[in-house]
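Below is one structure, written out as structure tokens; comments come after it.
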Amino acid sequence: MSSLQTALKNSEALIGTEVGVSNWITVDQAMIDDFAKTTHDEQWIHIDPERAAAETPFGGTIAHGFLTLSLASRFAYDCFAMLPGQTMGINYGMNKLRFLMPVRAGSRLRGRFTLHAVKARNATDLLRTNVLTIEIEGEETPALIAEWLGLAVFKD
């Protein structure tokens, strides 16, 4: 049995189960400011703490939704190791994505992964779909929920 076939069989047994919970990471104002500069999205609700406190219901600045989403890679590093025979992993995209709660500056976030589906695309590529929930410490509503697709690439 090939490494891909073994990974497929082992993964199929995990469908519907939580397969990883990451460490917490703090989203502070410096991180938000750096992201704003990098993406050229310098809207005041992200980079002007005084104005955001005075003119929004958030009590201060909030992180960009795409900053929150971009932390998915960090969370995945905490949760997933390379599978036996896997040569690389590739972000394949999202099926669904919803931003449910703003992330206030200073919040701590973590990712929670549940395996939703898995299939062999060909002799080398295993497509895994995980439901990713990015939680905000102390909040019932998560920052976002997404269906994230990733390819585990194996030797031929």
Side-chain angles (χ1 to χ4, degrees), residues 7 10-11 14-119 121 125-154:
N10 292 342
S11 296
L14 298 174
I15 291 173
T17 65
E18 185 172 270
V19 292
V21 178
S22 75
N23 297 316
W24 291 102
I25 188 167
T26 301
V27 177
D28 60 17
Q29 190 60 52
M31 182 187 290
I32 295 168
D33 291 344
D34 288 345
F35 190 85
K37 288 175 191 160
T38 299
T39 61
H40 302 276
D41 181 356
E42 298 184 67
Q43 186 181 169
W44 62 269
I45 65 171
H46 305 302
I47 63 168
D48 188 336
E50 292 78 24
R51 185 175 177 192
E55 297 181 32
T56 73
F58 310 124
T61 56
I62 59 171
H64 306 71
F66 287 122
L67 167 55
T68 303
L69 178 61
S70 72
L71 295 172
S73 293
R74 172 69 257 166
F75 300 143
Y77 279 116
D78 288 347
C79 296
F80 301 108
M82 296 282 270
L83 300 168
Q86 182 180 351
T87 59
M88 69 178 139
I90 299 173
N91 177 2
Y92 197 65
M94 302 282 172
N95 279 338
K96 298 177 184 175
L97 169 63
R98 295 291 181 268
F99 297 103
L100 303 174
M101 180 84 155
V103 174
R104 293 172 175 85
S107 295
R108 288 183 2 128
L109 305 178
R110 73 176 172 189
R112 191 174 286 278
F113 297 87
T114 301
L115 186 61
H116 180 69
V118 63
K119 72 175 188 174
R121 291 186 61 233
D125 298 349
L126 181 68
L127 179 63
R128 294 183 289 185
T129 304
N130 279 289
V131 174
L132 166 61
T133 303
I134 296 184
E135 301 175 322
I136 307 168
E137 187 175 44
E139 297 285 349
E140 284 187 37
T141 303
L144 69 80
I145 296 177
E147 238 181 55
W148 188 12
L149 291 81
L151 285 178
V153 179
F154 292 82

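Not measured: the values here are computed from a predicted model. Excluded from the calculations below are hydrogen atoms, water molecules and symmetry mates; all remaining heavy atoms, backbone and side chain alike, are included.
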Handout entry: side-chain contact (heavy atoms from CB on, under 4.5 Å) evaluation trace for Ile90 with Val153
Key = CA-CA 8 Å; Ile90 299 173; Val153 179; 3.9 Å; yes

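Nearest approach of Ile15 to His116, heavy atoms of both residues: CG2-O, 3.4 Å. In terms of heavy atoms, Thr26 sits closest to Gly106 at CG2-O, 3.9 Å. Smallest separation of non-hydrogen atoms from Ser11 and Leu115: O-CD2, 3.2 Å. Summarising the geometry of Pro102 relative to Phe58, their closest heavy-atom pair is CG-CE2, 3.6 Å, with the distance given to 0.1 Å. Across all non-hydrogen atoms, the minimal contact from Ser22 to Cys79 is N-SG, 3.4 Å. Scanning all heavy atoms of the two residues, the minimum distance from Pro57 to Arg104 falls at O-NH2, 4.3 Å.
For Glu140, the CD atom is loosely surrounded, since the number of other residues' heavy atoms within 6.0 Å does not exceed 12. More than 12 heavy atoms of other shown residues, nucleotides or ligands fall within 6.0 angstrom of atom CZ in Phe99.
Salt bridge annotation for Asp78-Arg74: present, with a cationic side-chain nitrogen under 4.0 angstrom from a carboxylate oxygen.
Atom CG in Asn130 sits 7.5 Å away from atom OG1 in Thr114 (nearest 0.5 Å). Atom-to-atom distance recorded for Leu97:CG and Leu144:CG is 6.0 Å, nearest 0.5 angstrom. To the nearest 0.5 Å, atoms NE2 (His64) and CZ (Phe35) are separated by 6.0 Å. Going from atom CD1 of Ile62 over to atom CD1 of Ile47 covers 12.5 Å, rounded to the nearest 0.5 Å. Separating the CG atom in Asp41 from the CD1 atom in Ile32 is a distance of 11.5 Å, to the nearest 0.5 Å. Taking CD1 of Ile145 as the reference point, atom CZ of Arg98 lies at 10.5 Å (rounded to 0.5 Å).
Side-chain contact between Leu83 and Arg128: present, with at least one pair of heavy atoms (C-beta onward) separated by less than 4.5 Å. In this structure, the side chains of Tyr92 and Leu127 come closer than 4.5 Å at one or more pairs of heavy atoms. Contact annotation: the side chain of Ile136 approaches that of Leu109 to within less than 4.5 Å [non-hydrogen atoms, C-beta and beyond]. Counting heavy atoms from C-beta on, the side chains of Pro142 and Ile134 never come closer than 4.5 Å.
In this structure a side-chain-to-backbone donor-acceptor pair under 3.5 Å is present from Gln86 to Met88. At least one donor-acceptor pair closer than 3.5 Å links the side chain of Gln29 to the backbone N or O of His46.
Using a 30° and 60° split on the angle between ring planes, Phe80 and Phe113 fall in the perpendicular class, above 60°.
Partner Trp148 forms a side chain to side chain contact (heavy atoms under 4.5 Å, CB included) with one of Asn91, Val131, Thr129 and no other, that one being Asn91.
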